Trainee: 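Let me give you the structure first, and then I'll get to my questions.
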Amino acid sequence: MSQISTKPPSGMRDFLAPDLARRRHVIGVIARVYESFGFTPLETPTIENLSTLLGKYGPEGDQLLYRLLHRRERLARALEPKPDGSRPTELDLSDEGLRYDLTVPLARVVANYGELPAFYKRYQIQPVWRADRPAKGRFREFFQCDVDICGTKSLVADAEVCGAVATVLRELGFAKPDDPAGGFQIHVNHRELLRAMVAEAGIAAEKEGQALIALDKLDKIGADGVKAELIEKGIAAEAASSLLSMIDDTGAGPSLDVWANGPSERGAAAARELQELLSIAAGGPAGAHLVFDPTLARGLSYYTGPIFEITCAGLAGSMGGGGRYDGLIGMFTKRQIPAVGFSLGLERVLLVMEERGMFPPLAAGPQLLLCRFPDIAPAAAVAVATQLRAAGLRVELYADTPSLGKQLQYANTLGAPFAAILGGNELAQQSLTLKRLATGEQKTLPIADVAAFVKAG
RNA sequence: GUGGGUGUAGCUCAACUGGUUAGAGCACCAGACUGUGACUCUGGGGGUUGGGGGUUCAAGUCCCCUCACUCACCCCA
């Protein structure tokens, strides 16, 4: 096809009015709930310096960054062979990239503004970009809806971010966890507990990441599958078996009590933290949804403490995730500031709501199309439209004057509930003939009364 | 990154094992009612069958390459 493609780039989408009605509805609930928890909004630039982004997400994450090429002279210089004859690298050609998540930009902001509240609680709803391969529910440009609390190690903060996202989902109509119609669960685990398990099993520290990724697949590929993958990654069969013995096939494994009293002091401390978190959250909105999952790993490398992930029936991936990252802000400043956050994936939430038909009727488009006859001056029609809009109606004025049938047909395709007809008779008595499109009934009434009539439905 | 599938009108899809001029529904436009739509009737526009190459008397159909989309896995939100 020699024509220019009219599709957006792979993994990116245009949002037409019906899409936006649903997206804005969900975003509205999220922002309102987050604010009710005392979070204040933040927006950061689309573009960040690569020095900000690199090294925060792990090796795979760095590969998924969209990078901006240098421009003009800078690019020309970067492309020249170096004195030692080597070719330019990615880092020579670019020093900026699109943000990959909202957590790292937050960390930068907290490090950059010393005057922020001691306990900075911010929410942020913006798109992020990942050069991933698109799939169902996965895009290259997608919205994250983050809440984070910076400045405290208290597990109350962990419980609060869990409570905020749980409240959002409940307000959007997601059911209680025990509801057969399909609720949602917030899986929790602890990075330190995972590290203790790996160490206990005799797996080398440098294999830790790979071991955890394999373990995360337990519910999908089973114990044998995990063991095979561990061995494939160069981990001794004995160590692999040892790791798996700490968790049974169902992934349920020993209770937190067992871990809390286990031989590894490090693991015990982590387990006690999780116990405390569950107990703090018990009385709040997240309480019923929290479930300890010893196989939960999560890929992002900046997590240090409790980690979270939201799952629900029928969704392959997760609806959201988060965790504690006490070291990340310290990568941008000498001050070590602990923080914990949670992120909802807007598209994932929308996907599930779509599949389950969870959207309420959402108003969109004009309530009334103003039609007129050719003998009515445009200025007179504009005046009437202005009057109706001032009365609070969403009014579209048909720009031309084709046959009335055409104008009404257009009102029909727009989905406007009403059409108003302005002709010589109506103009003379400052009235409109109002037609209800669904039934065809119509009546003539004073312009001043039209808004109330339309609003009444 | 691995494996599978699909590309035909604006949209959803047909076209038997290769065989005349590639069809239908919806949508769009125009017409019976020049102050009345959504339902009915009639007519009409619209396609180099994703692109390129090959096999053949003949290719939407078979083969190769390429591009795009899509599903599963991987990973994630």
Side-chain angles (χ1 to χ4, degrees), chain A residues 1-13 30 57-61 63-64 100-103 125-146 165 209-210 212-214 216-217 220-221 225 229 232 296-301 307-312 315-323 341-352 369 371-376 398 401-427 432-442 444:
Chain A
M1 199 183 288
S2 60
Q3 264 208 328
I4 298 170
S5 170
T6 53
K7 289 177 188 161
S10 172
M12 311 204 177
R13 295 152 300 158
I30 292 172
Y57 306 110
E60 302 84 7
Q63 291 307 309
L64 296 178
Y100 179 89
D101 73 355
L102 302 178
T103 306
I125 301 171
Q126 286 193 279
V128 302
W129 292 267
R130 297 182 186 179
D132 230 343
R133 182 148 176 182
K136 185 181 183 187
R138 177 158 84 203
F139 305 94
R140 288 180 168 174
E141 177 181 57
F142 61 98
F143 274 66
Q144 291 195 321
C145 313
D146 280 34
V165 297
Q210 291 177 315
L212 294 182
I213 288 173
D216 193 39
K217 298 174 193 167
K220 285 177 195 159
I221 61 180
E229 184 163 333
E232 188 189 329
L296 174 63
R298 294 191 58 73
L300 298 177
S301 59
I307 49 180
F308 322 113
E309 191 159 284
I310 304 178
T311 62
C312 80
L315 183 69
S318 69
M319 275 202 294
F342 215 125
S343 176
L344 280 174
L346 179 64
E347 284 72 14
R348 299 284 170 84
V349 172
L350 286 164
L351 182 71
V352 176
L369 178 73
C371 310
R372 77 180 207 275
F373 290 100
D375 57 324
I376 302 298
Y398 204 111
T401 54
S403 73
L404 185 57
K406 215 166 215 19
Q407 298 189 50
L408 288 174
Q409 191 169 51
Y410 185 67
N412 201 50
T413 60
L414 276 186
F418 289 94
I421 301 161
L422 179 60
N425 301 337
E426 287 86 356
L427 190 58
L432 284 173
T433 296
L434 196 59
K435 185 181 188 71
R436 190 191 300 277
L437 275 306
T439 61
E441 65 178 304
Q442 64 183 51
T444 301

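Numbered from 1 within each chain, the chains take letters A, B, ... in sequence-line order. The structure displayed is predicted, hence computed values, not measured ones.
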Trainee: About how many Å separate CE of Met319(A) and CD of Glu309(A), when rounded to the nearest 0.5 Å?
Mentor: 11.0 Å
Trainee: Would you say Phe373(A) has more than 12 foreign heavy atoms packed within less than 6.0 Å of its CZ?
Mentor: yes
Trainee: Looking at Arg140(A) and Pro134(A), what are the two nearest heavy atoms and their distance?
Mentor: NE-CD, 3.9 Å
Trainee: Could you measure between the two P atoms, the one in C28(B) and the one in G10(B), and give it in whole Å?
Mentor: 15 Å
Trainee: Return the value, rounded to whole Å, for the distance between atom CD of Glu347(A) and atom P of A77(B).
Mentor: 13 Å
Trainee: In whole angstrom, what separates Ile310(A)'s CD1 from C76(B)'s P?
Mentor: 16 Å
Trainee: Watson-Crick or G-U wobble partner for G1(B), using a 3.5 Å limit on both distances?
Mentor: C73(B)
Trainee: Using purine N1 to pyrimidine N3 plus N6-O4 or O6-N4 for Watson-Crick, or N1-O2 and O6-N3 for G-U wobble, each under 3.5 Å, what pairs with G10(B)?
Mentor: C26(B)
Trainee: Measure the CG-OG1 distance between Leu437(A) and Thr413(A) for me, rounded to the nearest 0.5 Å.
Mentor: 9.5 Å
Trainee: Can you measure Leu414(A) atom CG to A27(B) atom P for me and round it to whole angstrom units?
Mentor: 16 Å
Trainee: What's the CD-C1' distance between Glu141(A) and A77(B), to the nearest Å?
Mentor: 14 Å
Trainee: So Ser318(A), base contact, sugar-phosphate only, or nothing? Heavy-atom distance under 4.0 Å.
Mentor: base
Trainee: For nucleotides 34-47 of chain B, give me one character per nucleotide, 5' to 3': B if any protein heavy atom sits under 4.0 Å from the base, S if the only such contacts are to the sugar-phosphate, - if neither.
Mentor: -BBBB---------
Trainee: When you compare G47(B) with G60(B), how far apart are their C1' atoms, in angstrom units rounded to a whole number?
Mentor: 11 Å
Trainee: Taking the P atom in each of A22(B) and C16(B), what is the distance between them to the nearest angstrom?
Mentor: 15 Å
Trainee: Let's test this: given Watson-Crick or G-U wobble pairing with both distances under 3.5 Å, identify the partner of C33(B).
Mentor: none
Trainee: Let me have a per-nucleotide readout for nucleotides 2-11 of chain B, 5' to 3', with B, S or -, counting only protein heavy atoms under 4.0 Å.
Mentor: BB--------
Trainee: Can you tell me if Glu347(A) uses its side chain to pair, donor with acceptor, with the backbone of Phe143(A) under 3.5 Å?
Mentor: yes
Trainee: Across all strands shown, which nucleotide pairs with A38(B) by Watson-Crick or G-U wobble geometry, both distances under 3.5 Å?
Mentor: none
Trainee: Could you check whether any side-chain N or O of Gln407(A) sits under 3.5 Å from a backbone N or O of Arg372(A), counting only pairs where one atom can act as donor and the other as acceptor?
Mentor: yes
Trainee: Using the P atom on both, measure A58(B) against U21(B) and round to a whole Å.
Mentor: 14 Å
Trainee: Roughly how many Å apart are C74(B) and C11(B), using the C1' atom of each and rounding to a whole number?
Mentor: 34 Å
Trainee: If I pick the P atom on C39(B) and the same atom on U20(B), what distance separates them, to the nearest angstrom?
Mentor: 36 Å
Trainee: Measuring only the C1' atom in each nucleotide, how far is G7(B) from U66(B)? A whole number of Å is fine.
Mentor: 13 Å
Trainee: Could you point out which residue of Phe142(A), Trp129(A), Tyr57(A) forms a ring-ring contact (aromatic ring centres under 6.0 Å, His included) with Tyr100(A)?
Mentor: Tyr57(A)
Trainee: Between A68(B) and U8(B), how many Å separate the two C1' atoms, rounded to a whole number?
Mentor: 15 Å
Trainee: More 5' along RNA chain B: Gln144(A) or Pro8(A), using each one's nearest nucleotide?
Mentor: Pro8(A)
Trainee: Report the distance from atom CG of Leu427(A) to atom CD1 of Ile376(A), rounding to the nearest 0.5 Å.
Mentor: 5.0 Å
Trainee: Take atom CZ of Arg13(A) and atom P of A77(B), then tell me their distance rounded to the nearest Å.
Mentor: 16 Å
Trainee: On RNA chain B, check which nucleotide each of Leu64(A) and Lys7(A) is closest to and give me the residue with the more 5' one.
Mentor: Lys7(A)
Trainee: Do you know the tightest heavy-atom contact between Gly440(A) and Lys435(A)?
Mentor: O-NZ, 3.2 Å
Trainee: Can you find a donor-acceptor pair, distance only, under 3.5 Å between Arg138(A) side chain and C75(B) base?
Mentor: yes
Trainee: Can you check whether Gly320(A)'s main-chain N or O pairs, donor with acceptor, with Arg348(A)'s side chain at less than 3.5 Å?
Mentor: no
Trainee: Could you tell me which nucleotide pairs with G46(B) by Watson-Crick or G-U wobble geometry, both distances under 3.5 Å, or answer none if nothing does?
Mentor: none
Trainee: Just to be sure I understand the rule, does Phe143(A) reach a base, reach only the sugar-phosphate, or reach nothing, if contact means heavy atoms closer than 4.0 Å?
Mentor: nothing
Trainee: Check the distance between C76(B)'s C1' and Met319(A)'s CE and give it to me in whole angstrom.
Mentor: 15 Å
Trainee: Which value, rounded to the nearest 0.5 Å, describes the distance between Cys145(A) atom SG and Ile125(A) atom CD1?
Mentor: 5.0 Å
